[in-house]
Novice: 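Here's a structure for you.
Remember, it's a predicted structure, so these values are computed and weren't measured experimentally.
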Amino acid sequence: MTKNKIKTFNGKAYTVRKPSLIDYASMIDSITDSVFNDGAYAPYLFEPAFKVACVAFFTDAELPMISENGKDVIDFINSYSLIEGSGIMDELDGIIDEAEVKESARELIEYRKNVHLNKSKADNLLVSLTLLSSKISNFVDTLDVAAKKGFDGIDIKELFGALKQAASKDESEIVSSVLNFQEKNKKNG
């Protein structure tokens, strides 16, 4: 009769378990969260995050913990060092469908990268529109001052020609046109 070898990690016995669907989703989130360091994508953390998550979710092995914002969380750096120095990932080989876990995590990472990229584009558009709004406001103020002076020195036909041209341009061209018009009027008036 052969005895089952007791599996140990960091000097303590552990057992292997199959995570529930909820735990599996949490594991994929954990891997994904780990590769975004303060919002920046850090692909070099993928393998360490994968290994720490596998041990955390597929075993009951005790991983080092730290307190973060009053909550105990896995000490990622020390856990990874312990995992690399042990044979625990070899023990999990064949139990974990590594390709499936990594593919699921990479899909979520790509989704989050795209969301961040789209958010950045939206933020840039908002900044451009805010700048455009400010320039238009300044332009309207210039027109208001000119109207109070009876439009002295401003060619109304040229003004409406510039407005008509602006309708067919993108925001950067409009801003340039408004600035050029303001500069021209400052020189003339």
Side-chain angles (χ1 to χ4, degrees), residues 7-137 169-176 179:
K7 299 173 185 175
T8 62
F9 176 76
N10 200 22
K12 296 182 180 175
Y14 73 91
T15 57
V16 175
R17 62 180 179 218
K18 181 93 172 149
S20 68
L21 183 58
I22 292 170
D23 286 341
Y24 183 82
S26 294
M27 178 177 67
I28 300 304
D29 281 339
S30 171
I31 295 168
T32 304
D33 290 344
S34 295
V35 299
F36 287 95
N37 190 0
D38 293 326
Y41 178 52
Y44 53 88
L45 294 175
F46 185 83
E47 281 299 319
F50 168 76
K51 291 178 180 180
V52 170
C54 285
V55 172
F57 288 93
F58 278 90
T59 75
D60 61 358
E62 289 185 36
L63 294 171
M65 305 294 278
I66 57 173
S67 181
E68 227 174 62
N69 299 325
K71 183 179 175 186
D72 284 342
V73 295
I74 295 172
D75 181 344
F76 182 79
I77 294 169
N78 287 325
S79 293
Y80 178 66
S81 294
L82 286 172
I83 291 166
E84 284 295 284
S86 73
I88 196 165
M89 288 305 293
D90 294 333
E91 295 288 332
L92 295 175
D93 190 33
I95 295 168
I96 298 172
D97 185 345
E98 185 174 326
E100 179 186 324
V101 172
K102 286 182 175 181
E103 180 182 343
S104 296
R106 285 190 174 111
E107 285 177 7
L108 185 55
I109 288 166
E110 282 305 308
Y111 171 78
R112 287 192 186 172
K113 284 179 7 184
N114 288 332
V115 166
H116 178 73
L117 178 63
N118 290 336
K119 183 180 181 300
S120 295
K121 286 180 180 178
D123 289 345
N124 289 341
L125 177 61
L126 182 60
V127 167
S128 294
L129 291 175
T130 301
L131 176 64
L132 177 61
S133 175
S134 172
K135 297 301 179 186
I136 290 172
S137 178
K169 296 182 178 183
D170 69 21
E171 71 261 5
S172 62
E173 292 174 312
I174 293 170
V175 170
S176 294
L179 291 173

Novice: Could you grab the distance from atom CD of Glu84 to atom NZ of Lys51, nearest 0.5 Å is fine?
Specialist: 3.5 Å
Novice: Measure the CG-CD1 distance between Asp33 and Ile28 for me, rounded to the nearest 0.5 Å.
Specialist: 11.5 Å
Novice: Less than 4.0 Å between a side-chain N and a carboxylate O, is that true for Lys71 and Glu68?
Specialist: no
Novice: Between Leu63 and Ala56, which heavy-atom pair has the shortest distance, and what is it?
Specialist: CD1-CB, 3.8 Å
Novice: What residues form a side chain to side chain donor-acceptor pair (under 3.5 Å) with Glu100, not counting sequence neighbours?
Specialist: Tyr24
Novice: Please work out whether the ring planes of Tyr14 and Phe9 are parallel, tilted or perpendicular, with thresholds of 30° and 60°.
Specialist: perpendicular
Novice: Give, for atom CD of Glu103 and atom CG of Asp97, the distance between the pair rounded to the nearest 0.5 Å.
Specialist: 9.5 Å
Novice: With sequence neighbours left out, write down each residue that passes salt bridge (Lys or Arg N to Asp or Glu O under 4.0 Å) with Asp29, or none if nothing qualifies.
Specialist: Arg112
Novice: Quick check for you: to the nearest 0.5 Å, what is the distance between Ile74 atom CD1 and Ser30 atom OG?
Specialist: 6.0 Å
Novice: Has the side chain of Ser79 got a donor or acceptor atom that lies under 3.5 Å from a matching backbone atom of Asp75?
Specialist: yes
Novice: Measure from NZ or CZ of Arg17 to the centre of the six-membered ring of Phe57, then state whether that distance is under 6.0 Å and the direction lies within 45° of the axis.
Specialist: no
Novice: Below 4.5 Å, heavy atoms only, C-beta onward: do Glu91 and Val16 meet side chain to side chain?
Specialist: no
Novice: Of the non-hydrogen atoms in Ile83 and Val52, which two are nearest, and what is the gap between them?
Specialist: CD1-CA, 3.6 Å
Novice: About how many Å separate CZ of Phe76 and CD1 of Ile66, when rounded to the nearest 0.5 Å?
Specialist: 11.0 Å
Novice: Output all residues satisfying side chain to side chain donor-acceptor pair (under 3.5 Å) with Thr32, sequence neighbours left out; order by chain, then residue number.
Specialist: none
Novice: Tell me every residue that passes side chain to side chain donor-acceptor pair (under 3.5 Å) with Lys12, counting only those two or more places apart in sequence or in another chain.
Specialist: Glu62
Novice: Can you confirm whether Tyr41 is buried at OH, in the sense that more than 12 heavy atoms of other residues, nucleotides or ligands lie under 6.0 Å from that atom?
Specialist: yes
Novice: List in chain and number order the residues that pass side chain to side chain donor-acceptor pair (under 3.5 Å) with Ser67, two or more places apart in sequence or in another chain; answer none if no residue qualifies.
Specialist: none
Novice: Yes or no on side chain to side chain contact (heavy atoms under 4.5 Å, CB included) for Leu92 and Thr59, after CA distance, side-chain angles and deciding distance?
Specialist: CA-CA 9 Å; Leu92 295 175; Thr59 75; 3.7 Å; yes
Novice: What are the two closest heavy atoms between Ala49 and Ile31, and how far apart are they?
Specialist: O-CG1, 3.8 Å
Novice: Evaluate Ile109 against Phe46 for side chain to side chain contact (heavy atoms under 4.5 Å, CB included), listing each step before the verdict.
Specialist: CA-CA 10 Å; Ile109 288 166; Phe46 185 83; 3.7 Å; yes
Novice: Kindly compute the distance separating CG (Asp23) from CZ (Phe58), expressed to the nearest 0.5 Å.
Specialist: 9.5 Å
Novice: If you draw a 6.0 Å radius around CD1 in Ile77, do more than 12 non-hydrogen atoms from other residues or ligands fall strictly inside?
Specialist: no
Novice: My understanding is that only residues two or more places apart in sequence, or in another chain, count here; which of them pass salt bridge (Lys or Arg N to Asp or Glu O under 4.0 Å) with Glu47?
Specialist: Lys102
